[in-house]
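The structure appears right after this line, and notes come after that.
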Amino acid sequence: MRVVWAGRWLRTAYALFRDTPQRSASRGAPRQRRTQKDCRAGWEEEKSTDRVKWRQLEHRGPYFSPAYEPLPDGVRFFYDGKPVKLSVAAEEVATFYAKMLDREYTTKEVFQNNFFSDWQKEMTAEERKVIKHLDKCDFTEMHRYFVDKAAARKALPREEKQKLKEAAEKLRQEFGYCILDGHREKIGNFKTEPPGLFQGRGDHPKMGMVKRRILPEDVVINCSRDSKIPEPPVGHQWKEVRSDNTVMWLASWKENIQSSVKYITLNPSSKLKGEKDWQKYEIARRLKGVVDEIRSQYRADWKSREMKRRQRAVALYLIDKLALRAGNEKEEGEAADTVGCCSLRVEHIRLHPAADGQEHVVEFDFLGKDSIRYCNRVPVEKPVYKNLQLFMENKDLGDDLFDRLTTASLNKHLQDLMDGLTAKVFRTYNASVTLQEQLQVLTCAEDSIAAKILSYNRANRAVAILCNHQRATPKTFEKSMQNLQTKIKVKKEQLAEARVELKRAKADHETRGDGKSRSLLEKKRRVLEKLQDQLARLSAQATDKEENKQVALGTSKLNYLDPRISIAWCKRFRVPVEKIYNKTQREKFTWALNMAGEDFEF
DNA sequence: CAGCGGACTTAGGACTGACCTT
DNA sequence: AAGGTCAGTCCTAAGTCCGCTG
């Protein structure tokens with residue numbers, strides 16, 4: 001099987017090269033990842049060509065958040081009604097809290113407890129003796145100070161604002177770029193994360209903990225040996241300088257909340273990131289070629305005698321059909337309680353023999369990534385239903401649904417089915433295929449550009465819904481919807497008026513029949529047409545807005561939809577690509593922009 | 001050979017600033 | 001000038017998956 005797919009891969013790559021002769025020479029196709037088993041003799045070569053990410057890397061290191069500036073004397077903190085002058089360290093942490101005072105987040109008990117306990121660690125022994133309870137602390141004067149400061153900044157005269165802007169631009173020019181293999185590339189995040197209070201999403205056990213300041217002494221620099229090594233800020237030194245060209249990051253440090261590593265990395269517009277993006281979609285396209293076979297296999301496995309195999313087959317069905325995430329295990333108490341497919345628990349599903357006029361309905365209700373709720377009722381094939389029943393037998397609500405399955409074992413199996421296949425590839429594959437199908441179904445060649453864009457957004461929306469990409473209803477939604485409706489109403493009135501005028505002009509022309517009345521008639525006709533056009537555009541906008549209220553389109557557009565599908569669609573239907581992708585998005589998808597002709601098929 | 005940490009992708013919300021109206 | 005609105009940008013948390021290690 002491997003050999004067959006390698007052949008397919010080469011053909012695909014070749015086809016891509018032909019589309020883009022100008023790029024192929026410099027870029028090269030993404031390389032297929034090979035396992036040692038496949039090609040033992042070629043392994044050394046693979047190591048040098050596949051794992052190596054760059055030959056030259058030079059940059060300025062991260063830009064550090066400015067040192068803490070103590071509050072002016074007039075800004076006081078009160079404990080139990082009395083002003084208390086805090087030590088600098090304790091004051092700094094207090095300002096973190098004070099800045100957030102108006103956020104609902106800070107009222108949560110976990111947040112307050114975590115904050116207070118971490119704050120006490122920064123206090124002097126004296127302060128600890130006095131400051132015993134958070135509810136006796138009064139940060140309002142501090143809070144007001146920061147609010148005023150923000151307002152003052154906003155109210156700055158134009159020239160001052162211009163100066164600030166120029167300073168920021170200078171900083172970006174200085175720190176925001178690196179040289180990678182001779183090319184100047186944008187860096188994604190060139191600043192270290194400033195200290196503050198940790199804000200996890202959902203019910204996070206660590207919310208409110210103090211995220212400490214990052215110093216050069218925490219930072220590992222990664223750059224090429226012969227490059228100009230970045231200078232640490234005066235009086236400081238780097239934790240380490242290394243030259244590891246098998247990784248893409250420029251600098252890293254360990255963060256103190258989860259003790260995970262944070263990185264300074266390239267911007268998505270960079271060549272290296274672009275190549276990886278391309279590679280991701282090529283893997284998804286290879287899945288298209290084998291997905292039928294994989295589907296028949298997991299169907300067969302629903303009847304397997306081996307429980308492990310059955311669970312794997314049912315989980316894979318859910319991942320494929322519902323675009324669920326893999327669902328790695330998480331350490332309890334370290335993060336919010338969220339799940340994906342493999343980590344689903346009995347409490348997260350309910351089985352209905354019949355519901356909504358359909359048979360074998362499974363109701364899902366769980367918190368997924370970012371504690372976004374996944375709530376869905378879906379009819380499934382009977383053997384799936386029966387298997388789920390079986391997996392739930394004699395279990396408690398808190399038990400794992402798939403107790404014999406891990407993401408590692410699932411991915412290992414997938415790897416055997418297709419080189420490079422993992423659970424998340426199904427999401428990419430199904431998202432892209434859905435976009436392509438929906439565009440096909442929804443687009444009318446005769447439509448106006450506005451109507452075509454509405455169709456595009458609808459296709460995009462179908463994917464976002466599949467992937468459960470939600471957003472909070474924008475705070476100004478009601479208001480802005482109302483404004484739009486008013487505009488529509490006004491436009492309708494104008495339209496009615498224009499109709500009357502056209503009629504009048506028509507009658508006038510019929511009686512008079514001269515050139516002047518004709519040109520007036522034509523003019524009225526044009527006005528009417530223009531108004532109709534504007535109304536159609538507004539209505540489309542309103543529909544789009546309403547349907548999009550709680551759906552986030554950006555995530556799928558940026559991460560799941562092969563840009564070549566959209567670009568091909570734009571070319572085929574004469575929609576300017578700028579209507580679909582803004583400047584940043586076009587930069588990210590540069591790799592695809594010239595590659596996809598109008599006949600590109602995912 | 002599981003468990004863990006590192007590296008990288010995916011994610012939603014906050015913030016910003018350009019543009020428009022009042 | 002002030003205030004409102006919105007797209008675009010920034011931010012960093014939270015996933016996935018891999019490779020190393022004991």
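Quick note on labels: first sequence line is chain A, next is B, and so on, each numbered from 1.
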Exercise for review: Respond yes when some side-chain nitrogen or oxygen of A:Asn582 is under 4.0 Å from OP1 or OP2 of C:dG8, and no when none is.
Suggested key: yes
Review point. Given C:dA13, C:dT16, B:dG6, which nucleotide is nearest the side-chain atoms of A:Lys211?
Key: C:dA13
Exercise for review: Respond yes when some side-chain nitrogen or oxygen of A:His204 is under 4.0 Å from OP1 or OP2 of C:dA14, and no when none is.
Suggested key: yes
Check your understanding: Looking for any heavy atom pair under 4.0 Å, which part of the strands does A:Lys412 touch: base, sugar-phosphate only, or nothing?
Key -> nothing
**Study point:** Residues within residues 144-151 of chain A bordering DNA chain B, heavy-atom distance below 4.0 Å
**Key:** none
Check your understanding: Is it true that the side chains of A:Ser556 and A:Asn460 contain a donor and an acceptor less than 3.5 Å apart?
Key -> yes
Point to revise | Validation row, ring centre A:Phe115 to ring centre A:Tyr97 under 6.0 Å | key: yes
Check your understanding: Distance under 6.0 Å and angle within 45° of the ring axis: does A:Lys108 meet both against A:Tyr105?
Key -> yes
**Study point:** A:Phe198-A:His204 aromatic ring centre distance below 6.0 Å
**Key:** yes
Review point. Distance check: side-chain N/O of A:Lys191 vs OP1/OP2 of C:dT12, anything under 4.0 Å?
Key: no
Review point. Under 4.0 Å between a side-chain N or O of A:Thr422 and OP1 or OP2 of C:dC17?
Key: yes
Practice item. Assign each of A:Arg103 and A:Asp370 to its nearest nucleotide of DNA chain B by heavy atoms, then name whichever residue's nucleotide is nearer the 5' end. Key: A:Asp370
Check your understanding: Distance check: side-chain N/O of A:Gln415 vs OP1/OP2 of C:dC18, anything under 4.0 Å?
Key -> yes
Exercise for review: Scan A:Arg213, A:Lys262, A:Arg212 and name whichever one has a salt bridge (charged side-chain N to carboxylate O under 4.0 Å, His left out) with A:Asp218.
Suggested key: A:Arg212
Study note, to complete from the structure: Out of B:dG13, C:dC17, B:dT10, minimum distance to the side chain of A:Asn328 belongs to C:dC17
Practice item. Return the nearest nucleotide to the side chain of A:Arg51; candidates are C:dC20, C:dT16, B:dA7. Key: C:dC20
Check your understanding: Is A:Lys424 side chain donor-acceptor paired with the B:dT10 base, going by distance under 3.5 Å alone?
Key -> no
Study note, to complete from the structure: The nucleotide from B:dG13, C:dC10, B:dA7 with an atom nearest the side chain of A:Arg471 is B:dG13
Check your understanding: Choosing from C:dG15, B:dT9, C:dC17, which nucleotide comes nearest the side chain of A:Met248?
Key -> B:dT9
Study note, to complete from the structure: Here the pair of heavy atoms bringing A:Ser371 nearest to A:Ala336 is OG-CB, 3.8 Å
Review point. Looking at A:Tyr177, is A:Arg184 sitting on its ring face, NZ or CZ under 6.0 Å from the six-membered ring centre and within 45 degrees of the normal?
Key: yes
